Participant: 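Shown below is the structure under consideration.
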Amino acid sequence: MRTVQKEKGARGSWFLPERFLQGLKTAALGRNLVFRERAGSTNDLARELAERGAPEGTLVLAEVQTRGRGRLGRRWRSPRGGLWFSLVLRPGVAPAPLSGMSLVVACAVARALREETGAPVQVRWPNDLVLQDRKLGGILVEVGTGWAVVGIGINVNVPLAKLPREVRDTATSLLESLGHPVDPEALLQRVLVELEGSYETYQKGEPLHQEWRAFSSLLGRRVKIVLPEETFEGEAMDIDPDGALVVRTERELRRVLAGEVKVIRDVGGEHHGGPRD
Ligand code: BT5
């Protein structure tokens, strides 16, 4: 069943729910749709809906978020021009480590962006979408009893000037990188199709780590890992089937399941932006 919920008086938006649904080629993702021109955080809305029994695939989309969230309570800037949305999922299996789930989503989104725009989007473990090491988007996975909410933010037609300086220095958008605007509706449709495919594979327990490796912006590079209690450096060697980043330090191989990664430039020789394999 297709359901569209749109707030009263919504107008002047690029997003037309009926047209979007007509062109959507998924079985479940996005079929139940909540659209807001302005929301606090689509993840908050989706969590409430999930708690109240919203079906799997429910999509919450906002044109602008006033309280967009990143991980660990960080802010996610969400001006007009971006794609800011969340999906309610109901994984049949106990949710695997969040890094695994983030990677499934991040790679599916990267694949969709590459196919729609040709931009060589990569995934910076565990949840960033990057273009030439600049942050193009991010994934925020949150889980509760019987549900997972996957939040996806993509700087599509966002001029960098619309982002605060501290973000501008490390961010990019498709508009900035390609030099022209991209159709956000077609992009969203494609993201949902790619995501549905990857989610099915993930649900069946089939391996996806070959793709995680291929899309990674980190492998073969010197990185600094920041954990709550310690920080260490090493070479990013691999992403294993659980979604852990394998880092070779001077003494040992370490598996990192969650944490922050910084690429260290100009250390250990050249810097290369492309995937290794
Ligand atoms: C993320 O967190 O990258 C996850 C972002 C998820 C956003 C989506 S939008 C739809 C849904 N609803 C929400 O409320 N959230 C999700 P993290 O790895 O913690 O990165 C956060 C950091 O990215 C911030 O501290 C800034 O440095 C930077 N940042 C903030 N806004 C940005 C933007 N628009 N583009 C690039 N970088 C940004």
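Atoms within a ligand are numbered from 1 in the order they appear, just like the ligands themselves. Keep in mind it's a predicted model, so treat the numbers as computed, not measured.
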Participant: Per the side chain to side chain donor-acceptor pair (under 3.5 Å) rule, what does the pair list look like for residues 49-62, sequence neighbours excluded?
Facilitator: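 Only Asn32-Thr58, Glu51-Trp147, Glu56-Tyr199 qualify under side chain to side chain donor-acceptor pair (under 3.5 Å).
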Participant: Just to verify, what does Ile225 make a side-chain contact (heavy atoms from CB on, under 4.5 Å) with, not counting sequence neighbours?
Facilitator: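 If we apply the side-chain contact (heavy atoms from CB on, under 4.5 Å) test to Ile225, skipping adjacent residues, the hits are Val223, Leu227, Phe232, Leu245, Val247, Val256, Val261.
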Participant: Distance alone, cut at 3.5 Å: any donor-acceptor contact between the side chains of Glu37 and Ser13?
Facilitator: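 No, Ser13 and Glu37 have no side-chain donor paired with an acceptor closer than 3.5 Å.
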Participant: Please say which of Arg71, Arg124, Lys224 ends up in a salt bridge (Lys or Arg N to Asp or Glu O under 4.0 Å) with Glu260.
Facilitator: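 Among Arg71, Arg124, Lys224, the one meeting salt bridge (Lys or Arg N to Asp or Glu O under 4.0 Å) with Glu260 is Arg71.
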Participant: Go through the structure and list residues passing side chain to side chain donor-acceptor pair (under 3.5 Å) with Gln65, not counting sequence neighbours.
Facilitator: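 Once residues adjacent in sequence are excluded, the partners of Gln65 under the side chain to side chain donor-acceptor pair (under 3.5 Å) criterion are Thr42, Ser78.
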Participant: Identify whether the distance between the nearest side-chain nitrogen and carboxylate oxygen of Arg168 and Glu176 falls below 4.0 Å.
Facilitator: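 Salt bridge: no.
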Participant: Could you tell me, for ligand 1, which of its N or O atoms are under 3.5 Å from any protein N or O, listing the pairs and their distances rounded to 0.1 Å?
Facilitator:
residue	atom	partner	partner atom	Å
ligand 1	2 (O)	Arg71	N	3.2
ligand 1	3 (O)	Lys135	NZ	2.7
ligand 1	12 (N)	Thr42	OG1	3.1
ligand 1	12 (N)	Gln65	OE1	2.9
ligand 1	14 (O)	Ser41	OG	2.7
ligand 1	14 (O)	Arg69	N	2.7
ligand 1	15 (N)	Arg69	O	2.8
ligand 1	18 (O)	Arg71	NE	3.2
ligand 1	18 (O)	Arg71	NH2	3.4
ligand 1	18 (O)	Asn127	ND2	3.3
ligand 1	18 (O)	Lys135	NZ	3.2
ligand 1	19 (O)	Arg71	N	2.8
ligand 1	19 (O)	Arg74	NE	2.8
ligand 1	19 (O)	Arg74	NH2	2.9
ligand 1	20 (O)	Lys135	NZ	3.0
ligand 1	31 (N)	Arg77	N	2.9
ligand 1	34 (N)	Arg77	O	2.9
ligand 1	34 (N)	Asn155	OD1	3.2
ligand 1	35 (N)	Asn155	ND2	2.8

